[in-house]
Number of protein chains: 2
Amino acid sequence: MVDKGLYDVNLNFLYLRPMLSKKTKYGLKALTYLASQKDKAPVQISEIAKCENISQKFLESILLSLRKSGFLGSKKGKGGGYYLIKDPNEVLMTDVMRVLEGPISMVPCVSLNFYEKCADCRDEATCSVNKLMLKVRDANLEVYRNNTLADLII
Amino acid sequence: MVDKGLYDVNLNFLYLRPMLSKKTKYGLKALTYLASQKDKAPVQISEIAKCENISQKFLESILLSLRKSGFLGSKKGKGGGYYLIKDPNEVLMTDVMRVLEGPISMVPCVSLNFYEKCADCRDEATCSVNKLMLKVRDANLEVYRNNTLADLII
DNA sequence: TATTATCCTATCAATTTAATAGAGTAAACA
DNA sequence: TGTTTACTCTATTAAATTGATAGGATAATA
C-alpha cells in the first residue's frame, strides 16, 4: 500500500533533487560491471562508459578515486584497464558509499567517522534533529553494512 | 564499536556536505519548539528564531511553507504568531520530511510519491543502484513512519 | 618507437542553498 | 480611526557544488 502524501504544495521540484550524486551512481554501476566479469582481466573505461551510458571523462575521475581508495587496480597501455581487487563479497557498501558519496550521516553531529559539533546548535543532548538523524543514520548503516557488491549483481 | 573507514583519501571534504538542508533542520527545530509549548497560543517567529539560533528571515519562509502544507496555523497582528494545528503525536515524520526536504528516496526510480524513470538507465530491473536504493528507501521510511513530532521532544 | 589507455590538472555552465531586503496585508487595540 | 504589530510575498544575492569537458603527461605493450 502506498503511503500517499497528505499535503500537496512543494510544486517547486519534481525530482530536481536526486540526493544520490551521479558520481556515486556511476561508481556503483562501474563496480557492479566489473564484479560481473567472468575473469579478472582489466576492462577499459571506454567499455564501461559505453555499456553503462556514462560520460567517459567523468567516469575516468571516478574510477581513479576508486583505485586510490583501494577498491580497484589498474593497468596502463594496451590490454589495460580497471579490475576489482577484492572479491565482491568482501566489498562492503559502507566503505563504497563513504568514498563515493561521503559521510553516511545526514548531519555531522551524528557521524561516526566524520563527527563535528554543529556550529549553530546550543545543546546536542536535547536537539531534536540530532535525535531523529541518529535513528536515520543507524537505519542506513544497517543497510550498508549488510550489503556487499555481490548483493548488487542481477 | 566504531566501524572505522578502511581507506583514507577523500580529504576533499570534512563535512562540507551536510546532506540535511538547513531548511529541514530549522523546520524540525521550529516544529519541536512549538510542540514543546504548554498551551497552543501563537508563538512569534522572532522568539523561535532567537531561541533556536536561526536567521529570522529564513525561518519566516520555512514557517510559511509549513503553514501552507497544513502543519501550522498562523495569526497576524499583535499577539499573533504560529501554532501547531495537530497533536504532536499525529505529525508523522514522513509527511514533515517530504515537505521540508523533499522525496525520501535518494533516486527517483524508487520513489513512492515522486516516481520517475532514470533518464540514463537502460533497465530498472537489473540496475544495481535501483536495487540498493530500494533497501535504503525502505529503511528510511521505516524510521520516518515510526516517529512523530512527539518523539523528537527532549 | 608507435600505439594504447590510464593519469592529472584546469576550466566551465548550470543549479542550489542560505540569507537578506523591502514592501504589502491583516489583526489588535487605544 | 489610526497606529502598532507581526505575518506574507517577491526579488535579489553570494557562495558552493555538481557534472561535464579539454588537453596533455605518463606508463605499458608490441
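What you see below is based on every heavy atom in this structure, not just the backbone, and it leaves out hydrogens, waters and symmetry mates. Chain A is the first sequence line, chain B the second, and so forth, proteins listed ahead of strands; every chain is numbered from 1.
- Within 4.0 Å of B:I45, counting heavy atoms only, lie sugar-phosphate atoms of the nucleic acid but no base atom.
- Rounded to whole Å, atom C1' of C:dC8 lies 16 Å from atom CD1 of A:I62.
- Look at CE on B:M19: it is 14 Å from P on D:dT17, rounded to the nearest Å.
- Nearest-nucleotide mapping onto DNA chain D: of A:K76 and B:G81, the residue sitting toward the 5' end is B:G81.
- Using a distance-only test at 3.5 Å, with no hydrogens or angles considered, no donor-acceptor pair links the side chain of A:T94 to the main chain of A:R145.
- Of the side-chain N and O atoms in B:Y26, one or more sit less than 4.0 angstrom from OP1 or OP2 of C:dA19.
- Rounded to whole Å, atom P of D:dG19 lies 10 Å from atom NZ of A:K25.
- Of the listed nucleotides (D:dC9, D:dG24, C:dT6), D:dG24 has the atom at the smallest distance from the side chain of A:K57.
- Considering only the side chain of A:K23, D:dG19 comes nearest among C:dA18, D:dG19, D:dC9.
- With sequence neighbours excluded, the residues that form a salt bridge (charged side-chain N to carboxylate O under 4.0 Å, His left out) with B:D120 are A:K25.
- To the nearest angstrom, P of D:dA6 lies 17 Å from CG of B:L64.
- Between A:K68 and C:dC8, a side-chain N or O to OP1/OP2 separation shorter than 4.0 Å is present.
- For the OP1/OP2 pair of C:dT20 and a distance below 4.0 Å, the side-chain nitrogens and oxygens of B:S55 include at least one atom meeting the criterion.
- Heavy-atom nearest nucleotides on DNA chain D were determined for A:E60 and for A:K22, and the one closer to the 5' end corresponds to A:K22.
- Residue A:K75 places at least one side-chain N or O under 4.0 Å from the OP1 or OP2 atom of D:dT29.
- What separates CD of B:Q56 from C1' of D:dC7 is a distance of 11 Å, to the nearest Å.
- We find that CD1 of B:I48 is positioned 13 Å from P of D:dA6, with the value rounded to whole Å.
- If you measure from atom CG of B:L100 to atom C1' of C:dT17, you get 15 Å, rounded to the nearest angstrom.
- The interatomic distance linking B:L59 (CG) with C:dT20 (P) rounds to 12 Å, in whole Å.
- Listed candidates were D:dA20, D:dC7, C:dA28. Nearest to the side chain of B:K78 is C:dA28.
- Not one N or O on the side chain of A:R137 forms a donor-acceptor pair closer than 3.5 Å with the backbone of A:L112.
- Without hydrogens or angle criteria, A:S55 side chain to A:F58 main chain gives a donor-acceptor distance under 3.5 Å.
- Residue A:K40 places its NZ atom among more than 12 non-hydrogen atoms of other residues, nucleotides or ligands, all under 6.0 Å distant.
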